Every structure is written in C-alpha cells, then in structure tokens.
Amino acid sequence: MSEFAKVHKSIDVSSLETKEFDRFAKPLLQLLKELTALETTFLTLVDEQQQQQWVVTSDSTAALPVPAGLQVAWQDSMCRLMFSQQLACSTDIPQRFSQSIGAQKGMQTFMVLPVSFDGSMIGTLCGADRHCIALTQTQLGHARLIAEALSSQLKLLSDNLHTRQQLLQQQLETDELRQQVDNLEELASTDPLTGLPNRRAFEERFSQMCDIAKRSQEEVGLMLIDIDYFKQVNDHYGHEVGDQVIRQLGRSLLQLARAADIPCRIGGDEFQLAAIGTAAGGLTKLALRLQKHLTQQRKKLGVSCTLSIGIATTQHSSLEDLFKSADTALYQSKEAGRNTVSVYRPETNNSQPQPIEEVL
C-alpha cells in the first residue's frame, strides 16, 4: 500500500488541515456552482496507484449529496468513467453509464476536470446535477481556472496529511518497539517456568526494599527455600514432573506472599522471599503455610517432596549479612533432617530448627 493510500484510509474529515483547506476551497466550489448552475460541486484526492478516490470537500444539496470523506474505489468512480471516454461533461449519465454510481444517485449531468500539480493528477474537480445542463466551453474554461487555483492548495493538503500519517505511523512503530522492549525486559526479569521474578529482578527490588526500610526503620526478613532431595524427584518421576513441582511451589509462593513481599526463583530448586515489616515469627508462619500448601498439592501431583527453609531478619542480623545468616539457617534445617524451618539467632551463633511436621 502506498503512503497516500494509508493517508486517506485513516482520514479525519474534521481535522485541522481539512478545516483550513475548506476556508479556501468552499468559496471556489460555490463560485463553480454559480458559473455552471450545477446543484452539487465537490473536490477529490485521487491515488491512481492504489485505485482509490476520496472526497475532500463539497458543496452539495440534500437531494444530491456527495459528502466530504466519501471514499470510493477508482474503478467505480464516475471520474474514471468520464476520463476513459475523454469527456469533461456529459448530460446523459443514465444512458451512457447506466450501472455507475452517478446513475444510481440520479445524476443526469456530470462534469469532471483533473486537478494537477507538476504535471501529475492529484485529484478532480467535479459537478453534478439531476437535470440536463449542457455546459459551454466558456463555462468549462472558467472551471479549469478554478481547478488550477485549487491545485497548489490540494497538493499542500495532501502533503500535510501525508506528513501527519507518517508521524502517526512512526508513533505506532515507536509504541510497538516500546512494547517489544517492555516484553523483553519482562522476559529478562522473569523466571520462565514459574513466572516469579528471577535473581536479577529480585536484586533490584530488594535494593529498593532496603532503602525504604532504612528510611522507615522497618525490619527486613529473608526466607531461603530448598526442595528436599529434588534430584531424586527428577530421577524417579522425570523432569516433566519435576517442573510441575517447581511451578506449583512458584504458584504457592505467589498465592501466600503479601503484595509488598518479593518472591523469587533463584534457579533449580532454590527459591527465596524477602519481606519488609515482618518479624521472624511472621515469616515462620508463612514458611509453615507454604509447606502445608505444597503438601496438599503434592498429592495431586503424585509426588512426595518437602521443603527446607532458613529465615533471617534484621532484628538479629545486619542487612549486609542477611543472606549469609539466612543461608546459615537453611544449612541448619538440612542438618536437622530437612523438612524443617530454622530461624537464625546470633546469641546461639546458629539457627533454631523447627520441624514442620510437628507444627502441622
């Protein structure tokens, strides 16, 4: 499709360009009516390459309406039919062009003159009437002068609309590119298997959480989660079932986490969750609910699997050492036989393991 075809498939006839053009063109169409006594006059833009024609502006009657904005295929155009027979004016439209749009509209007389710019036709100046009105050569000569007067303004309008359409097209392409970038950024920051934030996204959001916590003097907590003996799950049930377990744990985290929490899949069978304004007791309850939720779901999957969880908070650890402290607690859970939640306590220099099954 040519650029011009794109223009008049999306033309807004109330646009500023068209209104400004009407101020110049309307008086000339009215003058044409006075000179020819035709009841309807109008001006069109033509795209011969794309076989389309669009009415730019008109001075028509209710009895013979040709509204601005009307678009027709060039092959159906009265103008093309007239040009094909080298006619500037015809007073026997129903007989000569019985299947034409003009005949269907009740036109008896039709006049058409090309509007050209630099030797190329860019539109047509037309007039029509329901009665037989034979135009003299003098009248046609005056009409040609009007067509010449309109040519530069019509070209300017076409160029303006073309430019506007190019800008719109560029904006669409920019929006599409921006959407693609957003999609790529989302892909780059999202774990594809679970839909959770990945490590990169977690680090960015966790940094922001820490800044907020410092300003508001709120506690920050961190939970590290491992699926116990996950390699055995993959070996015994297959990787497809293993992926189902991973996805289910991701869904459970999303379902149980608060809006302000940051759940994340680090990779493999390792997950973590950061929380602000939550003490170790609150995170322990969340950890137990997470294990209970997975226990309920694993029956549907037909898989036996448990979680080892380590928790640390800034109540007993600095922000800088939070990951190290949570990892210490996770190690303690594994040492305690897995399927356990452990909370880091500095006074004992280790964590306090709490078997999940005892709590449940």
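Every value quoted in this text rests on a predicted model; they were computed, and no experiment measured them.
Remark: Asp76 engages Ala73, Ile101 in a side-chain contact (heavy atoms from CB on, under 4.5 Å) (not counting sequence neighbours). Shown here are the salt bridge (Lys or Arg N to Asp or Glu O under 4.0 Å) partners of Arg215, two or more places apart in sequence or in another chain: there are none. Remark: Ser58 engages Phe42, Val55, Ser60 in a side-chain contact (heavy atoms from CB on, under 4.5 Å) (not counting sequence neighbours). Ser207 is linked by a side-chain contact (heavy atoms from CB on, under 4.5 Å) to Asp211, counting only residues two or more places apart in sequence or in another chain. Evaluation of the ring pair (Phe, Tyr, Trp, His ring centres under 6.0 Å) rule for Phe206 yields Phe202, Phe323 as partners, not counting sequence neighbours. In this view, Glu148 satisfies the salt bridge (Lys or Arg N to Asp or Glu O under 4.0 Å) rule with no residue, not counting sequence neighbours. Residues passing the salt bridge (Lys or Arg N to Asp or Glu O under 4.0 Å) test with Glu39 are Arg130, sequence neighbours excluded. The side-chain contact (heavy atoms from CB on, under 4.5 Å) check on Thr278 picks up Arg258, Ala275, Leu283, with sequence neighbours excluded.
Evaluation of the salt bridge (charged side-chain N to carboxylate O under 4.0 Å, His left out) test over residues 81-107, restricted to residues two or more places apart or in two chains, returns Asp92-Arg96. Sorted by first then second residue, the ring-ring contact (aromatic ring centres under 6.0 Å, His included) pairs that include residues 233-269, not counting sequence neighbours, number zero. Screening residues 316-335 for salt bridge (charged side-chain N to carboxylate O under 4.0 Å, His left out) gives Asp226-Lys334 as the qualifying pairs, with residues at least two apart or on separate chains. Among pairs with a residue in residues 115-126, none fulfils salt bridge (charged side-chain N to carboxylate O under 4.0 Å, His left out), at least two apart in sequence or across chains.
Proximity of Leu249 to Ile246: side-chain heavy atoms (C-beta onward) are nowhere separated by under 4.5 Å. Between Ile133 and Thr36 there is no side-chain heavy-atom pair separated by less than 4.5 Å. With contacts defined as side-chain heavy-atom distances shorter than 4.5 Å, the pair Leu28/Leu43 does not qualify. In this structure, the side chains of Ser151 and Val115 come closer than 4.5 Å at one or more pairs of heavy atoms. Residues Thr124 and Met82 have side chains not in contact (no heavy-atom distance under 4.5 Å, counting atoms from C-beta outward). Within the 4.5 Å cutoff, the side chain of Leu81 has no heavy atoms near those of the Phe110 side chain. Two residues are said to be in side-chain contact when any heavy atoms from C-beta on lie closer than 4.5 Å; Ser152 and Phe117 meet this criterion. You'll find the side chain of Asp269 stays beyond 4.5 Å of the side chain of Val233, heavy atoms only.
Between Cys79 and Cys126, the shortest heavy-atom distance links the atoms SG-SG, 3.4 Å. The two atoms that bring Gly242 and Asn234 nearest to each other are CA-OD1, 3.4 Å, heavy atoms only. Across all their heavy atoms, Ala103 and Ser98 have their closest contact at CB-O, 3.7 Å. Residue Leu273 comes nearest to Ala257 through the heavy atom pair CD1-CB, 3.8 Å, listed as atom of the first residue, atom of the second, then distance. Heavy-atom minimum distance, Ser252 versus His293: OG-ND1, 2.8 Å. The minimum heavy-atom distance linking Gly69 with Trp54 is given by the pair CA-NE1, 3.0 Å.
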Between Gln51 and Gln75, does a side chain to side chain donor-acceptor pair (under 3.5 Å) hold up when you go through it step by step?
CA-CA 7 Å; Gln51 300 293 291; Gln75 65 179 4; over 6 Å; no
Leu35 vs Ile146, side-chain contact (heavy atoms from CB on, under 4.5 Å): CA-CA, chis, key distance, verdict:
CA-CA 11 Å; Leu35 291 172; Ile146 294 174; 4.0 Å; yes
side-chain contact (heavy atoms from CB on, under 4.5 Å) between Leu125 and Arg144, worked out:
CA-CA 9 Å; Leu125 177 63; Arg144 289 188 180 92; over 6 Å; no
Test side-chain contact (heavy atoms from CB on, under 4.5 Å) on Phe271 and Leu196 and set out the steps.
CA-CA 10 Å; Phe271 292 76; Leu196 291 174; 3.7 Å; yes
Passes side-chain contact (heavy atoms from CB on, under 4.5 Å), Phe24 versus Leu150? Steps please.
CA-CA 8 Å; Phe24 176 84; Leu150 287 166; 4.0 Å; yes
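Under the 4.5 Å side-chain heavy-atom criterion for ILVMFWY residues, a single connected hydrophobic cluster contains both Phe97 and Trp74. By the criterion of side-chain heavy atoms lying less than 4.5 angstrom apart, applied directly or through intervening Ile, Leu, Val, Met, Phe, Trp or Tyr residues, Leu70 is grouped together with Val112 in one hydrophobic cluster. A continuous path of hydrophobic side-chain contacts links Val72 to Leu64 [ILVMFWY only; heavy atoms under 4.5 Å]. Hydrophobic clustering (side-chain heavy atoms under 4.5 Å, transitive across Ile, Leu, Val, Met, Phe, Trp, Tyr) groups Leu29 together with Leu38. Ile227 is connected to Leu256 through a chain of hydrophobic side-chain contacts under 4.5 Å among Ile, Leu, Val, Met, Phe, Trp and Tyr, so both are in one cluster.
The neighbour count for Gln95 CD, taken as heavy atoms of other residues, nucleotides or ligands under 6.0 Å away, is above 12. Residue Arg199 qualifies as open at atom CZ: its count of foreign heavy atoms under 6.0 Å is 12 or below. Enclosure of atom CD in Gln296 by more than 12 non-hydrogen atoms of other residues, nucleotides or ligands within 6.0 angstrom is indicated. Under a cut-off of 6.0 angstrom, the local environment of CD in Glu34 is sparse, with at most 12 non-hydrogen atoms contributed by other residues, nucleotides or ligands.
The structure places CD of Gln244 at 10.0 Å from CG of Leu193, a figure rounded to the nearest 0.5 Å. Here the straight-line distance linking atom CD1 of Ile225 with atom CG of Leu253 works out to 4.5 Å at 0.5 Å rounding. The CG atom of Leu45 sits 4.5 Å away from atom CG of Leu154, with the distance rounded to the nearest 0.5 Å. Ile309 CD1 to Met223 CE: the interatomic distance, rounded to the nearest 0.5 Å, is 5.5 Å. Taking CG from Leu222 and OG1 from Thr313, the interatomic distance works out to 10.0 Å, rounded to the nearest 0.5 Å. The distance from the OG atom of Ser90 to the CG atom of Leu135 is 10.5 Å, given to the nearest 0.5 Å.
No hydrogens or angles considered: nothing links the side chains of Gln208 and Arg205 as a donor-acceptor pair under 3.5 Å.
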